[in-house]
Amino acid sequence: MEGPPGRRGVYFRALRELFHARPPGASVAVKLSMLEVYNETIVDLLADAASNKPDAVELAKAKQEIRALKAKLAAAAGY
């Protein structure tokens, strides 16, 4: 998903598009969460090892949300 430096993967390309799509002079704040779903288990990949399981999965008609999922602010070099 990340890819080698010469051929970046989907994470890097998506973030690059987000930061390049902003109007000149506008500021942008992007928060990212990363999770793994395997064998019907959800693991928060940004959480500390001792607390990497979110407490609940909440599904609604208009959105899907995983409560207690850790988010980190993404920054782009040169922006």
### Task
For Ala14, enumerate each residue passing the side-chain contact (heavy atoms from CB on, under 4.5 Å) test, keeping only those at least two apart in sequence or located in another chain.
none
### Message
Tell me every residue that passes side-chain contact (heavy atoms from CB on, under 4.5 Å) with Leu46, counting only those two or more places apart in sequence or in another chain.
### Response
Met34, Asp44, Lys70, Lys72
### Message
Could you report the tightest heavy-atom contact between Arg13 and Arg8, atom names first, then the distance?
### Response
NE-O, 3.1 Å
